[in-house]
J.: 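Sending over a structure as structure tokens; questions will come in a sec.
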Amino acid sequence: MERCLELAARGGRTSPNPRVGCVVVGKGGKVLAEGWHRGPGTAHAEVDALTRLGKARRTAKGATLYVNLEPCNHHGRTPPCAPAVIASGVARVVIGAMDPVPGHGGGAARIAKAGIAVTRGVLAPSCEEANRGFFTWARRGRPWFTLKAAMTLDGRIATSSGESRWITGEAARAAGHALRASHDAVLVGVGTVLADDPKLTVRDADGADPARIVLDSRLRTPPDAALLTGGTAEVIIACAEGVPAIRRRRLEKAGARVLVFPTAPHGGVDLAALGVALAGKGITSVLVEGGGEVHASFLAAGLADEIELHVAPKVLGGRSGGPAWVGGEEVAGLDQAQRFTIRAARFAADDLLLTLRPTKTHS
């Protein structure tokens, strides 16, 4: 199953499909064939592995097929995998996680009904973690949101004059671009667009550019902004209701897709509605690169599934200081603070990279 996950990772971004790997093992423990899914419209991992098996003139009769996600039992862009697995002659199927999409499951039951031994739940937590965006999309109807910031030891993302290039070093910046490449979309607020004019493309890592999203409730994004003139990935600008139509037409003419959402209580875009709309477009993971008020909005809405903090060994100081990585309103007391658990800590040259998840509470 660990090998299935290694193969699944080769597929890169496969959204809205999951990343799946498959291994076919013979009676004597010899690996007969391997396969993985490469994206929508391409062969699923099981079919890919079985096709390779046939090309090698090997038979699956009596073999065991391992796959990190339940073989599908529905006809989408490609035929269902369960019948192909049954027809292959395998004697046993070992499954990591069950398919969470309503109407897509049932493959395991169909395979078992055909007289093939089925084992479920092998390394299930790891299998779900490898497809956390897909599982969030399927179960909660929204993408997985990762908040990312590069900051100093005193929590600042820029000086008081707005200088932010560069807080962290080259190695940390490359890690940040790898994060972009691993997500379906990257999101910033219009304040970041106006201050930094970023392209939001992938430059220091392998992988395709993600879709680019701007939270811009009043449509202040300039039509000649770098993200509209550079890169080929889709640009989505999310605004609130009541914006003059001329602003919308100007940005659409520049190549943006402008989406209008209800106004949230704080006056910005309703983030829950944005999440539903993005999920409808097949976006299963979003890297939120702020700034501070955007991060605060996601935290307040309970939409911070993960936080990536890249901490540079620098101190800016000052009573007022520059902007913090998270803004918003201060909590009334420590007992009201949102708590997070550090999942990973690693170094990129001199910078510390932290991965955090919300701390689960038990009533």
Side-chain angles (χ1 to χ4, degrees), residues 145-183 185-205 209-218 220-222 224-231 233 235 237-238 268 286-300 304 306-330 340 345-356:
F145 290 107
T146 301
L147 275 55
K148 182 261 178 182
M151 66 179 191
T152 61
L153 288 173
D154 46 347
R156 305 297 177 179
I157 59 175
T159 65
S160 56
S161 64
E163 182 184 357
S164 61
R165 296 184 179 179
W166 296 101
I167 294 290
T168 53
E170 291 184 7
R173 294 199 297 275
H177 280 273
L179 268 177
R180 282 185 186 176
S182 69
H183 286 71
V186 57
L187 181 150
V188 298
V190 66
T192 297
V193 173
L194 296 175
D196 299 336
D197 196 23
K199 291 182 179 179
L200 301 180
T201 54
V202 175
R203 296 184 296 280
D204 297 327
D209 292 338
R212 295 164 290 173
I213 305 168
V214 181
L215 283 184
D216 185 3
S217 59
R218 309 313 304 162
R220 295 186 292 146
T221 300
D224 61 350
L227 79 167
L228 287 169
T229 58
V235 176
I237 300 181
V286 179
L287 182 65
V288 181
E289 295 194 13
E293 296 306 315
V294 171
H295 286 151
S297 297
F298 274 87
L299 286 165
E306 186 167 87
I307 296 176
E308 282 280 337
L309 293 180
H310 295 186
V311 186
K314 303 173 183 176
V315 174
L316 296 182
R319 288 191 175 88
S320 57
W325 79 269
V326 59
E329 298 295 325
E330 185 179 0
F340 293 83
R346 59 207 185 279
F347 283 99
D350 293 332
D351 300 316
L352 175 64
L353 312 186
L354 298 174
T355 301
L356 306 98

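In what follows, residues are counted from 1 in the order of the sequence shown. Treat the numbers as computed from the prediction; the structure is a model and nothing was measured.
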J.: Show the nearest heavy-atom pair for residues Leu179 and Lys148, with the distance to one decimal.
T.: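 Closest approach of Leu179 to Lys148, heavy atoms only: CD1-CG, 4.0 Å.
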J.: For the residue pair Val311 and Met151, establish whether any side-chain heavy-atom pair is separated by less than 4.5 Å.
T.: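 In short, these two side chains touch, coming nearer than 4.5 Å.
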J.: Would you compute the distance between atom CH2 of Trp325 and atom CG of Leu309 and round it to the nearest 0.5 angstrom?
T.: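 It is 5.0 Å, given to the nearest 0.5 Å.
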J.: List in chain and number order the residues that pass side chain to side chain contact (heavy atoms under 4.5 Å, CB included) with Ala233, two or more places apart in sequence or in another chain; answer none if no residue qualifies.
T.: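 If we apply the side chain to side chain contact (heavy atoms under 4.5 Å, CB included) test to Ala233, skipping adjacent residues, the hits are Asp209, Arg212.
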J.: Is there side-chain contact between Leu353 and Phe347, with at least one heavy-atom pair below 4.5 Å?
T.: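 The answer is no, as the side chains (C-beta and beyond) never meet within the 4.5 Å cut-off.
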J.: Suppose the criterion is side chain to side chain donor-acceptor pair (under 3.5 Å): which pairs have a residue in residues 187-199, not counting sequence neighbours?
T.: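 Sorted pair list comes back empty.
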J.: Would you say Glu293's side chain and Gly328's backbone share a donor-acceptor pair under 3.5 angstrom?
T.: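 Looks like yes, one N/O pair under 3.5 Å.
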J.: Could you note down all residue pairs passing salt bridge (charged side-chain N to carboxylate O under 4.0 Å, His left out) where residues 171-181 supplies at least one of them, sequence neighbours left out?
T.: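 For residues 171-181, and leaving out neighbouring residues, the salt bridge (charged side-chain N to carboxylate O under 4.0 Å, His left out) pairs sorted by first residue read Arg180-Glu289.
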J.: Just checking Asp154: does its CG atom have more than 12 heavy atoms from other residues, nucleotides or ligands closer to it than 6.0 angstrom?
T.: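 More than 12 within 6.0 Å, yes.
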J.: Over all heavy atoms of both residues, which pair between His183 and Thr146 is shortest? Give the atoms and the distance, please.
T.: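 Of all heavy-atom pairs spanning His183 and Thr146, the closest is NE2-OG1, 3.1 Å.
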J.: Show the nearest heavy-atom pair for residues Ala226 and Pro198, with the distance to one decimal.
T.: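 Heavy atoms of Ala226 and Pro198 come nearest at CB-O, 3.9 Å.
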J.: Rounded to the nearest 0.5 Å, what separates atom CG in Leu215 from atom CZ in Phe298?
T.: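 That separation rounds to 5.5 Å.
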J.: Report the residues that fulfil side-chain hydrogen bond (donor to acceptor under 3.5 Å, both in side chains) with Arg346, sequence neighbours left out, ordered by chain and then residue number.
T.: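 Only Glu308, Thr355 meet the side-chain hydrogen bond (donor to acceptor under 3.5 Å, both in side chains) criterion with Arg346.
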J.: Are any of the side-chain heavy atoms of Ile157 and Ser164 separated by less than 4.5 Å?
T.: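 Sidechains of Ser164 and Ile157: no contact.
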J.: Who are the side-chain hydrogen bond (donor to acceptor under 3.5 Å, both in side chains) partners of His310, not counting sequence neighbours?
T.: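 With sequence neighbours excluded, His310 shows a side-chain hydrogen bond (donor to acceptor under 3.5 Å, both in side chains) to no residue whatsoever.
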J.: What pair of heavy atoms forms the shortest contact from Val193 to Ala225, and how long is it?
T.: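 Val193 and Ala225 have their closest heavy atoms at CG1-CB, 4.2 Å.
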J.: Determine whether the side chains of Thr168 and Asp351 contain a donor N or O and an acceptor N or O closer than 3.5 Å.
T.: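 No, no side-chain donor-acceptor contact under 3.5 Å.
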J.: For a quick test of reading the model, state the closest non-hydrogen atom pair linking Ala304 to Leu299 and the distance between them.
T.: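 Scanning both residues completely, I find the closest heavy atoms to be CB-CD2, 3.7 Å.
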J.: Could you check whether any side-chain heavy atom of Leu200 comes within less than 4.5 Å of a side-chain heavy atom of Val188, counting everything from C-beta outward?
T.: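 Answer yes - side chains close enough.
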J.: My understanding is that only residues two or more places apart in sequence, or in another chain, count here; which of them pass side-chain hydrogen bond (donor to acceptor under 3.5 Å, both in side chains) with Ser182?
T.: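 In terms of side-chain hydrogen bond (donor to acceptor under 3.5 Å, both in side chains), with neighbours along the sequence ignored, Ser182 is linked to no residue.
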J.: How far apart are the closest heavy atoms of Val235 and Leu227, and which atoms are they?
T.: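 That would be CG2-O, 3.3 Å.
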